[in-house]
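Everything below concerns the one structure shown next.
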2 protein chains.
Amino acid sequence: MFKIGMLTDYGILILTHMAKNPQGWSSAAELSASLNLPKPTVAKVLKLMNHHGLLDSHRGKQGGYRLSRSPGRISITEILEAIEGPLHVTDCALPHASCQRIIQCDLPAHWRVVNEVIHSAIKEISLDFFCQSKPCGLVGYLARTSPSSTPNPS
Amino acid sequence: MFKIGMLTDYGILILTHMAKNPQGWSSAAELSASLNLPKPTVAKVLKLMNHHGLLDSHRGKQGGYRLSRSPGRISITEILEAIEGPLHVTDCALPHASCQRIIQCDLPAHWRVVNEVIHSAIKEISLDFFCQSKPCGLVGYLARTSPSSTPNPS
DNA sequence: CAATAGCGTACAAAATAAGTTCTATATTAA
DNA sequence: TTAATATAGAACTTATTTTGTACGCTATTG
Ligand code: FES
Ligand code: FES
């Protein structure tokens, strides 16, 4: 339940790898080779993340992608939404949607609350968290994280 | 992303309906008629929830199902797990599993933390919350809820 | 003992997700 | 200017999961 897709896992893998040299451009081919992932799939994931503003891209020789922001400013919710679409527990839970399913039920308002609870719970987790070699729970991580590097300062 | 299945939505619908007469036995046929849902599907969902101890069942004439506990003591996480299986963000995030995917990645420990964050965020939401006609956010709901009726007193 | 209602399993159809392929466009360097 | 490289975008196929249904079995009631 609440499973993320494989592509999202790949995405995190790719981003954490790119976080290791934040300046240089990494190409899909390089990343594919380094991480032992199929190149077309890596390319697809990179495109998705680029679309959502997580990456800068550059074409041509010596081109590739790099992080558009520091890892501490990229929230896990952005990565999830980039690859899997908007974060909602049912379609009915989307901000302005009402229930469009075959059956009609009056639960969308409730699901919207559940959705909000999940979203606020994980939004403080940033790419930085995944870059740690051994995570010892979230409390320790958040304690170590300065408020200035909080992702999604909305 | 993080979508619940339709069956889970049905499940909540069914449980909230049953919460209205906690004493009597509701049959799959009755529930199907009341909620305008296909009977075989209702039966399937009821079976799943019964397996996980959310319901009491009784066979034969005048038989059916009823809630095994008061709505305030049934956590949304139990309902989710009953219908969709264990709550984990990846298979690798399960307590004792390591990454069994084709690719090998060192993220399970991180996902496990994310999983725990989500789980603790929503575990206080009970069936009672879904029985409210107009939810006004979670804070109000939790304020109104007495600590004694907290689900999952683990 | 007949009618009812859950139990368990198995199966078919539908919807998603994963992975691939192809053409076009931009950038660089020789 | 041209060849090589690398992303952009879309379409497509395949695999997997979810959804919905069916059926024979068992327990309970009157
Ligand atoms: S069917 Fe849309 S929320 Fe229940
Ligand atoms: S592939 Fe298992 S957690 Fe990344």
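Throughout, a chain's letter reflects where its sequence line sits, starting with A, and its residues are numbered from 1.
A/Leu31 is not connected to A/Trp25 by any chain of hydrophobic side-chain contacts under 4.5 Å among Ile, Leu, Val, Met, Phe, Trp and Tyr, and they are in different clusters.
At D/dT19, none of the side-chain N or O atoms of B/Tyr10 fall inside 4.0 Å of OP1 or OP2 (strictly under the cut-off). Between B/Thr41 and the phosphate of D/dT21, there is a side-chain N or O to OP1/OP2 separation shorter than 4.0 Å.
For the atom pair B/Leu13 CG and A/Asp106 CG, the distance stands at 7.0 Å (nearest 0.5 Å).
A donor-acceptor pair is defined here as one N or O able to donate and one able to accept, closer than 3.5 Å; such a pair exists between the side chain of B/Asn115 and the backbone of B/Val89. Within the 3.5 Å criterion, the main-chain N or O of A/Leu54 finds a donor-acceptor partner in the side chain of A/Ser68.
Between A/Gln62 atom CD and C/dA29 atom C1' the separation is 9 Å, expressed in whole Å. To the nearest angstrom, P of D/dT17 lies 8 Å from CE of A/Met6. Rounded to a whole Å, the CD atom of B/Glu30 is 8 Å from the P atom of C/dA5. Residue B/His52 contributes atom NE2, which lies 12 Å from atom P of C/dG8 at whole-angstrom precision. Per the geometry, CG belonging to B/Leu37 stands 13 Å off P belonging to D/dT19, to the nearest Å. Atom pair B/Trp25:CH2 and C/dG6:C1' shows a separation of 11 Å (rounding to whole Å applied). Whole-Å rounding puts the B/Lys39 NZ to C/dG6 C1' distance at 11 Å. One atom, CZ of A/Phe2, and another, P of D/dT18, lie 13 Å apart when rounded to the nearest Å.
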Nucleotide-resolved protein contact map, nucleotides 7-14 of chain D, B/S/- at heavy-atom distance under 4.0 Å: BSBB----

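Taking 4.0 Å as the cut-off between side-chain N and carboxylate O, B/Arg69 and B/Glu78 count as a salt-bridged pair.
Axis deviation across the helix from C/dC1-D/dG30 to C/dA30-D/dT1 amounts to 20°, comparing end segments of five pairs, rounded to 10 degrees.
Across all their heavy atoms, B/His88 and A/Lys3 have their closest contact at CE1-CE, 3.0 Å. Across all non-hydrogen atoms, the minimal contact from B/Ser26 to B/Asn21 is OG-OD1, 4.1 Å. The two residues B/Leu87 and B/His119 make their nearest non-hydrogen contact at CD2-CD2, 3.2 Å.
Residues meeting the salt bridge (charged side-chain N to carboxylate O under 4.0 Å, His left out) test with A/Lys47, sequence neighbours left out: none. Applying the ring pair (Phe, Tyr, Trp, His ring centres under 6.0 Å) test to A/His110 and every residue at least two apart in sequence or in another chain returns B/Phe129, B/Phe130. Considering only residues two or more places apart in sequence or on other chains, A/His51 meets the ring pair (Phe, Tyr, Trp, His ring centres under 6.0 Å) condition with none of them.
Of the residues in residues 79-86 of chain A, not one comes within less than 4.0 Å of DNA chain C through any heavy atom.
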